[in-house]
J.: 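Just dropping this structure here.
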Amino acid sequence: MNTATVWLRARSITIGSDWRVCEARIRRSGRRCCSSSPFLSSMAYEKELAAAKKAAALAARLCQKVQKALLQSDVHSKSDKSPVTVADYGSQALVSLILERELPSETFSLVAEEDSGDLRKESGQDTLKRITELVNDTLTGEGLNGFSSLTTNDVLKAIDNGKSDGGSVGRHWVLDPIDGTKGFVRGDQYAIALALLHDGKVVLGVLACPNLPLASIGSNQTHSSSNEVGCLFFAKVGDGSYMQALGGSTQTRVHVCDTDNPEEASFFESFEAAHSSHDLSSSIAEKLGVKAPPVRIDSQAKYGALSRGDGAIYLRFPHKGYREKIWDHAAGSIVVTEAGGICMDAAGNPLDFSKGKFLDVVSGIIVTNQKLMPSLLRAVKEALNEKASSL
Ligand SMILES: Nc1ncnc2c1ncn2[C@@H]1O[C@H](COP(=O)(O)O)[C@@H](OP(=O)(O)O)[C@H]1O
Ligand SMILES: [Mg+2]
Ligand SMILES: [Mg+2]
Ligand SMILES: [Mg+2]
């Protein structure tokens, strides 16, 4: 199945003609805003961004190879019953190796989703061999022969580099090697999401979305004249958000949809109802006056699509008891905020990435532009109160 077919299979999506309206407004106003921290110059993090783009793009190659030929034996269950594949592990190993090689002077701290526990067991040996082959093949396929053929132990070590707990002091890389593993296994959307935290703030983020069309999803408006899929979004604090083709192209600056009219706004949510309450988001959308049906896609590709104005709102309301992790939002949040958007929890608090692996939020995460946020917050409050009183 080629990637275009993958995308078409993924579509349960409708984005109305509002994109055109948004685009026109943005062009007229020439406006952008960002949430940059004043202590950071836009010249900072140049080499870190270059390394992160290289690492994420290479990891995307590995994932594409696996998604094309995904075997049932490549998919495993973690202790929490969530899926993990050889590509999740391979992607994490590659990103860890590339960052270490490209940024040798750095005291390396990586907070990443996967660990090698299951691969060290007797039952994990075949999978470990397959991952090692994949990592070696991807490195040599890209002409990166600086790595002599890696052993299974090298790969285990690279995966376990991601064991840092993060925190509010110093620099920590944050990695989701495949965000949207369920989408990946289904043949749908997924993302490699890599961010850098500096003293608890996200200062750069890269999102590789191998199955996301370069053209705006659900409309004829294009960011590109081709039918190509595979987008690389990236942002550095104070420097705006950009998109380029994963295969390499000139970068274009992206902006969120700037509409203040909910009737022109469409919203994103998880494809998986188990990850986010579709009932609650539909109630919020109705209260806000959104007319378009939800756009359901997996992974932080939602943040990428939102950053370029494909839709205007992202709603995420996990079911009771679920704790969000920083790797599920760090890269996506800076890509959106540098494109002029805002990410908050359902109570209107900014997202706090400084508390370790978990991202403690009140009820859920909402993302939109500056103009719609006040009315979105009111609609969220109303819908949550209604839900509480019906229990
Ligand atoms: N019960 C749950 N509620 C909310 N999020 C969940 C969840 N179970 C898993 N997730 C998270 O949802 C992410 C995917 O988000 P989305 O629904 O936007 O595609 C998963 O990332 P991984 O696929 O990296 O494990 C996982 O971290
Ligand atoms: Mg994830
Ligand atoms: Mg993941
Ligand atoms: Mg996972």
Side-chain angles (χ1 to χ4, degrees), residues 55-56 59-60 62-64 66-67 70 74-96 110-119 124 127 131 134 158-164 166 173-195 197 202 205-212 233 268-276 296-306 314 316-319 322-336 343 351 353 356-359 361 364-365 367:
L62 181 148
C63 296
Q64 283 169 305
V66 177
Q67 199 184 38
L70 193 67
D74 285 340
V75 185
H76 303 269
S77 249
K78 296 204 277 189
S79 54
D80 64 358
K81 305 275 185 288
S82 66
V84 63
T85 71
V86 292
D88 296 66
Y89 290 119
S91 166
Q92 181 157 323
L94 270 182
V95 171
S96 155
L110 175 66
V111 189
E113 182 183 356
E114 310 303 343
D115 68 68
S116 74
D118 288 345
L119 302 175
T127 309
I131 297 162
L134 270 170
I159 292 170
D160 282 341
N161 258 342
K163 274 191 169 162
S164 166
W173 289 95
V174 179
L175 170 68
D176 196 333
I178 291 189
D179 182 40
T181 305
K182 288 181 183 168
F184 178 77
V185 170
R186 234 189 285 114
D188 291 346
Q189 294 298 325
Y190 65 98
I192 292 98
L194 178 61
L197 297 186
V202 186
V206 174
L207 281 181
C209 305
N211 288 344
L212 191 69
F233 296 93
F268 289 102
E269 65 182 344
S270 283
F271 182 91
E272 297 285 339
H275 293 180
S276 184
R296 292 179 177 150
I297 60 170
D298 302 280
S299 84
Q300 288 170 71
K302 291 186 275 295
Y303 282 104
L306 198 79
Y314 169 21
R316 186 180 189 88
F317 286 88
H319 300 280
Y322 183 78
R323 280 181 90 186
E324 292 283 1
K325 319 294 185 309
I326 55 173
W327 52 73
D328 281 321
H329 301 281
S333 70
I334 191 168
V335 165
V336 161
C343 307
L351 303 185
F353 292 93
K357 287 185 182 179
F358 291 102
L359 182 65
V361 294
I365 293 177
V367 187

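We count ligands from 1, going down the list as the structure has it; atoms in each ligand are counted the same way. If you read the sequence from its start, that first residue is 1, and numbering goes on from there.
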J.: Any N/O/S atom, backbone or side chain, of Ile178 lying under 2.8 Å from the Mg ion (ligand 3)?
T.: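 A backbone or side-chain N, O or S atom of Ile178 is under 2.8 Å from the Mg ion (ligand 3).
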J.: Just verifying a value: how many Å separate Leu119 CG and Tyr89 OH, rounded to the nearest 0.5 Å?
T.: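 Result: 4.5 Å between the selected atoms.
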J.: In Glu113, what N, O or S atom is nearest to the Mg ion (ligand 3), if we give its atom name?
T.: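 Atom name returned: OE1.
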J.: Regarding His275 and Tyr322, is there a side-chain donor-to-acceptor distance under 3.5 Å anywhere?
T.: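 There is no such pair (donor and acceptor under 3.5 Å, judged by atom type) between the side chains of His275 and Tyr322.
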J.: Given atoms OD2 of Asp176 and OD1 of Asp179, what angle do they subtend at the Mg ion (ligand 2), to the nearest 10 degrees?
T.: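 For OD2 of Asp176 and OD1 of Asp179, the angle centred on the Mg ion (ligand 2) reads 100°.
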J.: Looking at side-chain heavy atoms only, is the closest gap between Phe271 and Lys182 below 4.5 Å?
T.: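 No, side chains not in contact.
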J.: Restricting to N, O or S atoms, which atom of Asp328 is closest to the Mg ion (ligand 2)?
T.: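 Per the distance ranking, Asp328 contributes OD1 as its closest N/O/S atom to the Mg ion (ligand 2).
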J.: When you compare the side chain of Glu324 with that of Ile365, does any pair of heavy atoms fall below 4.5 Å?
T.: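 In contact.
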